[in-house]
Amino acid sequence: MKFLTLVGRTAAPACSSGSAPAGSPGPSASTSARTAATITVTEKEYSMALSQAQAAAGTVTFVLDNASALAHALAVSGSGVSEALPPGGTARLTVTLRPGSYELWCPVDKHKKLGMDTHLQVGGSGPASPAPGSAAASAAGQ
C-alpha cells in the first residue's frame with residue numbers, strides 16, 4: 001500500500017508499518033463529498049481514542065491531538081495518507097472515505113503492536129455515532 005506522509009517541521013518522520021486488509025475500501029475518486037464528519041483522535045502513550053466509532057461515507061476530517069510526551073502519527077488504511085505529530089502537537093487530516101471498515105494506527109516504531117490501533121466504521125449517508133465510552137456517548141446515555 002502506498003502512503004503519502006505529511007510531516008510538520010518538528011514532527012518525527014512516520015513510516016508505514018501496517019497494511020490495509022485485502023479488499024479494504026479506498027478513498028473515493030469523487031471530489032464532491034456527500035457528507036462531512038469531524039472525528040477527534042486522541043493519541044497517548046500507546047493508546048488511541050476516537051470521538052466516534054462510526055461516520056457517514058464522504059469527507060472525514062480527523063482532528064489529531066497528541067496528548068503524549070512521545071511523537072506519534074496517524075495512518076488510515078486504504079486512504080494512502082499518514083500524518084505525523086510531535087509531542088503535544090495537533091493537526092487536521094481530511095480524507096474522503098467510502099463505506100467500509102478502516103483501520104487507524106500509529107505507524108511510528110512499534111506503537112501499533114503496543115496498542116495504538118483502532119477501527120472506524122464508515123456507512124452510508126446516515127448520522128455518525130459516538131464511540132463507546134466517549135464523552136458524547138456518555139452524554140447521550142449510551
Side-chain angles (χ1 to χ4, degrees), residues 1-9 11-68 70-142:
M1 176 187 333
K2 186 175 180 181
F3 280 91
L4 168 67
T5 303
L6 306 171
V7 182
R9 277 179 63 193
C15 60
S16 173
S17 65
S19 61
S24 175
S28 170
S30 169
T31 57
S32 64
R34 288 178 280 152
T35 308
T38 300
I39 299 173
T40 300
V41 181
T42 304
E43 294 180 314
K44 297 181 181 177
E45 273 79 339
Y46 314 121
S47 71
M48 178 181 295
L50 303 178
S51 61
Q52 58 193 56
Q54 297 178 352
T59 301
V60 177
T61 297
F62 295 101
V63 177
L64 312 175
D65 178 22
N66 184 355
S68 163
L70 301 174
H72 291 298
L74 177 68
V76 180
S77 66
S79 73
V81 176
S82 176
E83 175 73 35
L85 292 171
T90 60
R92 295 175 74 84
L93 175 64
T94 300
V95 294
T96 301
L97 301 176
R98 297 182 197 154
S101 181
Y102 290 84
E103 180 177 25
L104 287 80
W105 73 94
C106 178
V108 174
D109 298 328
K110 296 180 182 179
H111 293 189
K112 179 180 177 182
K113 289 182 180 181
L114 294 171
M116 295 189 74
D117 184 36
T118 191
H119 290 83
L120 175 69
Q121 186 64 40
V122 177
S125 58
S129 299
S134 72
S138 299
Q142 296 180 356

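The figures here come from the full heavy-atom set of this structure, side chains too, leaving out hydrogens, waters and symmetry mates.
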(Q) Can you confirm whether T94 sits close enough to T59 that some side-chain heavy atom of one is under 4.5 Å from a side-chain heavy atom of the other? (A) yes
Q | Nearest-0.5 Å distance that lies between atom SG in C106 and atom NE2 in H111 | A | 5.5 Å
Q. Shortest non-hydrogen contact from E45 to S68?
A. OE1-OG, 3.0 Å
Q) Is there a side chain to side chain contact (heavy atoms under 4.5 Å, CB included) between W105 and S77 once you walk through the steps? A) CA-CA 8 Å; W105 73 94; S77 66; 3.9 Å; yes
Q) Is L120 close to F62 at the side-chain level, that is, under 4.5 Å between some pair of heavy atoms? A) yes
Q: Find the distance between CG (D65) and NZ (K44) and round it off to the nearest 0.5 Å.
A: 9.0 Å
Q. What is the minimum heavy-atom distance between A91 and L85, and which atoms define it?
A. CB-CD2, 3.4 Å
Q. So do L64 and H72 actually touch side chain to side chain, heavy atoms under 4.5 Å?
A. no
(Q) I need the T38 OG1 to R92 CZ distance, nearest 0.5 Å. (A) 6.0 Å
Q) Taking all atoms of both residues into account, what is the closest heavy-atom pair of A37 and Q52, and its distance? A) CB-NE2, 4.4 Å
Q. Got a second to check how far I39's CD1 is from L104's CG, nearest 0.5 Å?
A. 8.0 Å
Q | Euclidean distance, M48 CE relative to M116 CE, rounded to 0.5 Å | A | 4.5 Å
Q. Nearest 0.5 Å, what's the CD-OG1 distance between E103 and T118?
A. 9.0 Å
**Q.** Sub-4.5 Å side-chain heavy-atom contact between S101 and H119
**A.** yes
Q) Any donor-acceptor pair under 3.5 Å linking the side chain of N66 with the backbone of G89? A) no
Q: Heavy atoms only: give me the nearest A73-A84 pair and the separation to one decimal.
A: CB-CA, 3.8 Å
